[in-house]
Amino acid sequence: MRFIKSVFLVILFAFIFTGAFSQEYDFEIPEEEEAKIEFNGNLDAKWGILKTRESSPFFGLQFYDLSEKDDYLSQYRLDFYLDGVYRHKQIGLFMKTFYQYAKEEPLSPSFFELYGSLNFSPRLSMSIGKRRFNWGKGYVFNPVGYVNAEKDPENPDLALAGKTSIYFSYNKSFNSDVLQNFSMGAILLPPEAEINDKFGSADKIGVALKLYFLLKNMDIDLMAAFKKDEPQRLGLDFSTNLRENLEIHAEFSYAQDETKHLVNDGSVTQHKMDGGSYMLGLRYLNRSNTTLIAEYYHNNIGLSKKEFTSYINYLGNSLKSNNPELINSARLNMSNIFRSKTLMQDYLYLKLIQPEPFSWLYSSISVFTIYNLVDNSFLVSPQLSYKPYTNFEVLLWPFLFFGGNDTEYGSKQFEKKIELWMRFYF
Amino acid sequence: MYKNNVSFFLILFFMASVIWSQESATNDTKGDEILKKVDENLMPVSFESYRKLINEEPDGSKKEFIFFTVKKDKDKVAMLYVSPASEKGRATLRLGDNMWLYIPNVGKPIRITSMQSVVGGVFNNADIMRLEYSVEYDATILEQNDSQYILNLKAKTQTIAYDNLKMWVDKKNTMVTKVECYAASGTLIKTLEFKEIKNFGDGIMRPAVIETSSPLYKGYRSLMIYSQMKPRKLPDEVFTLEYLSKLGDLR
């Protein structure tokens with residue numbers, strides 16, 4: 001009996017001990033959670049024929065070194081975009097690379113975007129790295145795009161390089177008919193590494209803030225940007241649908257101490273200005289499925305007709321001088337100081353888009369014009385797009401420039417050009 | 001005598017008016033109740049789903065898109081393009097009458113209209129990003145028989161894509177079977193047919209296929225096929241412009 005009791009106690013002890021052990025140290029093997037990595041992108045093969053404008057000082061300066069100048073030039077290039085995303089729980093890594101091949105030489109990638117993001121919650125997130133921001137409601141013009149890469153109005157949908165930044169975002173929704181959503185974005189913009197290619201001056205860190213409100217079915221943004229030795233900017237934009245087929249949008253930006261460059265007596269001078277730039281726009285869809293996009297832009301530091309004439313005369317005189325020093329200086333000013341795609345004061349943009357015209361499947365035709373309201377020069381560009389197969393698109397895209405010799409579009413390097421694009425997605 | 005007759009007819013007219021207005025009010029209430037039930041049967045309050053959209057052209061060729069969709073409450077829908085590669089990463093958001101499209105290359109959401117079609121074909125944005133019908137329309141019973149109701153749906157505001165809908169509802173399960181969409185002028189814009197009732201699990205039983213055709217697009221046909229639908233709790237912040245570029249995190 002005692003023996004049985006002892007055996008029972010040993011078994012009980014062993015059971016309790018192992019039970020306690022298993023409770024304390026036992027664990028479930030977690031299911032393997034898949035981290036998601038995805039790649040996609042596109043290859044654009046582009047071929048263009050360009051009719052040169054030999055009377056243009058821009059053409060003369062750009063092709064100054066050429067001994068013989070042709071009436072027509074041809075251009076062939078391959079643009080390759082590779083995007084990658086890695087996602088695991090709250091963490092994400094994003095990259096957008098760009099390679100351009102024009103002739104046989106080693107290719108180096110440009111990182112348009114390369115950043116890591118952390119979602120603390122659906123409301124709070126941050127990212128660090130090179131990231132593209134696109135502030136403003138305008139399709140072509142963005143006076144409040146303080147952190148944007150400069151868009152090319154001739155192709156506003158083109159992928160562009162981002163900025164090195166630290167971004168914090170807070171986002172909150174409300175069950176209200178008045179204020180439905182609020183978000184706040186703060187961007188820190190470290191200066192470029194100027195010291196030994198590694199360091200930048202700490203007091204040159206820029207700050208940009210944006211507050212967003214979805215208020216009574218209207219998107220409203222308030223923005224501000226501050227950076228040492230640069231203009232202080234405050235901005236406002238909004239967009240809303242007036243009807244089921246009509247949307248309106250607008251932007252206004254006020255800048256203090258903005259620099260306007262002028263050419264006076266053959267030399268470039270700087271002038272500080274305070275004032276506002278603005279944009280008004282609409283998007284309208286009619287019953288025939290034709291979309292109209294219209295935008296008007298006023299650029300506070302844009303050149304007047306007289307100021308542009310001074311600038312173009314300066315370029316022409318530098319070219320005529322045949323003095324390499326003057327020519328180099330004019331080239332530098334052309335590509336650095338006067339490089340804006342909207343150099344003058346007032347522009348009107350109009351675009352009509354008709355998908356599948358004449359019941360032609362998978363095609364789309366569009367035509368846009370950018371009209372310089374100051375000097376009455378303009379460009380017209382029709383576009384034909386056709387997507388006969390999934391993940392393949394072909395584009396035929398002519399550009400025609402009109403205006404007098406001393407006008408913006410009438411003095412472009414090229415009178416006209418036509419491009420053929422073949423785009424493969426993967 | 002004449003005075004009595006006039007009084008009698010006035011009282012009769014008054015009573016008839018009261019009865020008629022009460023009947024009309026009852027009819028409106030009943031119509032709205034049926035419509036709410038139709039909505040409940042079509043979608044859970046908060047869910048995620050995968051859908052394939054097929055655009056068939058007159059020559060027989062097809063274009064296909066796959067979407068990941070999340071919906072919450074009566075008026076919040078967000079949708080991510082999963083394929084083809086040329087559209088991948090695009091996302092659309094609908095909050096009531098407001099709609100936005102996010103294109104990765106453009107890098108910001110832009111407002112779009114419900115009448116546009118971001119995928120081409122017969123379905124427009126309002127069809128693909130459909131809210132509950134009772135959010136956008138007031139319903140009255142147009143006619144009924146033993147097997148079905150025919151409802152007349154009138155848009156509550158001018159910003160709704162279609163001014164009028166005619167809806168066929170199966171009495172047996174209060175499930176929509178057909179919808180005709182009309183413009184304010186009375187022109188028939190398109191017809192939607194709801195087919196293939198499927199059990200998606202979690203108590204969700206609904207048509208898995210919506211087929212649409214339009215007299216304005218002769219020979220074209222578009223199909224929307226639901227392959228998965230399951231209830232999912234989602235925070236309101238998922239349905240915001242800030243979150244549009246991050247919708248892929250939810251998959």
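Residue numbers start from 1 in every chain, and the chains themselves are labelled A, B, ... in the order their sequence lines are given, proteins ahead of strands.
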Contacting moiety of [X], where chain B heavy atoms sit under 4.5 Å:
X: A/Asp83; result: neither
X: A/Arg283; result: side chain
X: A/Ser117; result: neither
X: A/Pro355; result: neither
X: A/Lys387; result: both
X: A/Ser239; result: both
X: A/Tyr212; result: side chain
X: A/Glu38; result: side chain
X: A/Asp177; result: neither
X: A/Arg423; result: neither
X: A/Asn171; result: both

Seminar exercise, completed: Separation between OH (B/Tyr243) and OH (B/Tyr102), nearest 0.5 Å, reads 13.5 Å

Problem set entry | Approximate separation, where rounding is to 0.5 Å, of A/Thr164 OG1 and A/Glu113 CD | 11.5 Å

Could you look at [X] and say if it's the side chain, the backbone, both or neither that has a heavy atom under 4.5 Å from chain A?
X: B/Thr157; answer: neither
X: B/Lys218; answer: neither
X: B/Asp249; answer: both
X: B/Ile160; answer: backbone

Residue among [options] with most heavy-atom pairs under 4.5 Å to chain B:
options: A/Gly162, A/Ala159, A/Gly185; result: A/Ala159
options: A/Leu246, A/Asn119, A/Asn148, A/Asn40; result: A/Asn119
options: A/Val85, A/Asn241, A/Asn245; result: A/Asn241
options: A/Ser169, A/Ser364, A/Ser183; result: A/Ser169
options: A/Asn289, A/Asn42, A/Thr240; result: A/Thr240

Would you call the rings of [X] and [Y] parallel, tilted or perpendicular if under 30° counts as parallel and over 60° as perpendicular?
X: B/Phe65; Y: B/Tyr81; value: perpendicular
X: A/Phe94; Y: A/Tyr115; value: parallel
X: A/Trp135; Y: A/Tyr146; value: perpendicular

Exercise. Taking 4.0 angstrom as the limit, do B/Arg90 and B/Glu87 come out as a salt bridge?
Worked result: yes

Exercise. Between B/Glu132 and B/Lys71, is there a salt bridge with N-O shorter than 4.0 Å?
Worked result: yes

For this session: Please say whether more than 12 non-hydrogen atoms of neighbouring residues, nucleotides or ligands are located less than 6.0 Å from NZ in A/Lys216.
Result: no

For this session: State whether the number of non-hydrogen atoms from other residues, nucleotides or ligands found under 6.0 Å of B/Lys36 atom NZ is greater than 12.
Result: no

Problem set entry | Residue selection (most heavy-atom pairs with chain A, distance under 4.5 Å) from B/Pro58, B/Gly96, B/Ser61 | B/Ser61

Problem set entry | Choice from B/Gly89, B/Pro109, B/Pro84 maximising heavy atom contacts with chain A below 4.5 Å | B/Pro84

For this session: List the steps and the verdict of side chain to side chain contact (heavy atoms under 4.5 Å, CB included) for B/Leu53 and B/Asn55.
Result: CA-CA 7 Å; B/Leu53 191 143; B/Asn55 284 333; 3.4 Å; yes

Exercise. Looking at B/Leu131 and B/Glu136, what are the two nearest heavy atoms and their distance?
Worked result: CD1-OE2, 4.0 Å

For this session: Apply the test side chain to side chain contact (heavy atoms under 4.5 Å, CB included) to residues B/Asn164 and B/Leu153: give CA-CA distance (whole Å), side-chain angles for both, the deciding distance (0.1 Å), then the verdict.
Result: CA-CA 6 Å; B/Asn164 240 72; B/Leu153 274 59; over 6 Å; no

Problem set entry | Validation row, ring centre A/Phe133 to ring centre A/Tyr167 under 6.0 Å | yes

